[in-house]
Amino acid sequence: MKIENTKAQMRKGGVLEFCILSVLKDEDAYVAEILSTLKDAKLLVVEGTIYPLLTRLKNAGLLNYRWEESTSGPPRKYYGLTETGKLFLKELDTTWSELHHAVTIVTSQKPPKNE
């Protein structure tokens, strides 16, 4: 078993969607800003991965977008959370906290002593 495969699987399973929604919780952003934030957190995501995720989140009613003119190139598509997206993110945040707490308990336990 290769560690890279396991690490990739750990990043999947909704974690990336959760991170994208979290990036957008305070303000709208365009793809380059989202990717930069994820990269700064050491979550390396490529454009070929993020665009389908953004489309899926938009189709689910969690995101909307708007076009904005740019002074340094073509117009940019800014993504933001819908009201449904904000509620969904709140639920994900609770779920993540519970999962993080449970994993911390399990991984912090000392092995039983052989008696």
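A continuous path of hydrophobic side-chain contacts links Leu16 to Leu54 [ILVMFWY only; heavy atoms under 4.5 Å]. No path of Ile, Leu, Val, Met, Phe, Trp and Tyr side chains, each step under 4.5 Å between heavy atoms, connects Leu87 with Ile20, placing them in separate hydrophobic clusters.
When side chains are defined from C-beta on, Val46 does not count as touching Ile50, because their heavy atoms never get closer than 4.5 Å. The closest side-chain heavy-atom distance from Asp93 to Phe18 is below 4.5 Å. Proximity of Trp96 to Val15: side-chain heavy atoms (C-beta onward) are separated by under 4.5 Å at one or more points. Looking at Tyr79 and Val31, their side chains come closer than 4.5 Å, going by heavy atoms from C-beta outward. Side-chain atoms of His101 and Ile105, non-hydrogen and from C-beta on, do get closer than 4.5 Å to each other. Between Arg76 and Trp67 the shortest side-chain heavy-atom distance does not fall below 4.5 Å. A 4.5 Å side-chain heavy-atom check between Leu81 and Lys25 finds at least one atom pair inside the cut-off. Contact of the Leu24 side chain with the Ile34 side chain is registered, since non-hydrogen atoms from C-beta on lie closer than 4.5 Å.
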Start with the C-alpha distance between Leu21 and Leu63, add both sets of side-chain angles, then the distance that settles side-chain contact (heavy atoms from CB on, under 4.5 Å), and finish with yes or no. CA-CA 8 Å; Leu21 294 173; Leu63 296 180; 3.8 Å; yes
Go through the steps to decide whether Lys39 and Leu43 satisfy the test side-chain contact (heavy atoms from CB on, under 4.5 Å), and finish with yes or no. CA-CA 5 Å; Lys39 182 181 174 187; Leu43 287 172; over 6 Å; no
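A distance of 8.5 Å separates CZ of Phe88 from CD of Glu17, quoted to the nearest 0.5 Å. For the atom pair CZ of Arg66 and OH of Tyr78, the computed distance is 7.0 Å after rounding to the nearest 0.5 Å. Atom OG1 of Thr82 and atom NZ of Lys58 lie 11.0 Å apart (nearest 0.5 Å). For the atom pair CG of Leu62 and CD of Glu83, the computed distance is 12.0 Å after rounding to the nearest 0.5 Å.
The two residues Gly61 and Thr84 have their closest heavy-atom pair at O-CB, 3.7 Å. Nearest approach of Glu47 to Leu35, heavy atoms of both residues: CG-CD1, 3.5 Å. Residues Lys77 and Tyr30 approach most closely at O-CB, 3.3 Å, considering heavy atoms. Of all heavy-atom pairs between Gly80 and Asp28, the closest is CA-OD1, 3.2 Å.
Ser70 places no side-chain N or O within donor-acceptor distance of the main-chain N or O of Pro75, the cut-off being under 3.5 Å. Judged by distance alone, with hydrogens and angles left aside, the side-chain atoms of Thr107 form a donor-acceptor pair with the main-chain N or O of Val103 at under 3.5 Å. Side-chain N or O atoms of Thr49 include none that pairs as donor or acceptor with a backbone N or O of Val45 at under 3.5 Å.
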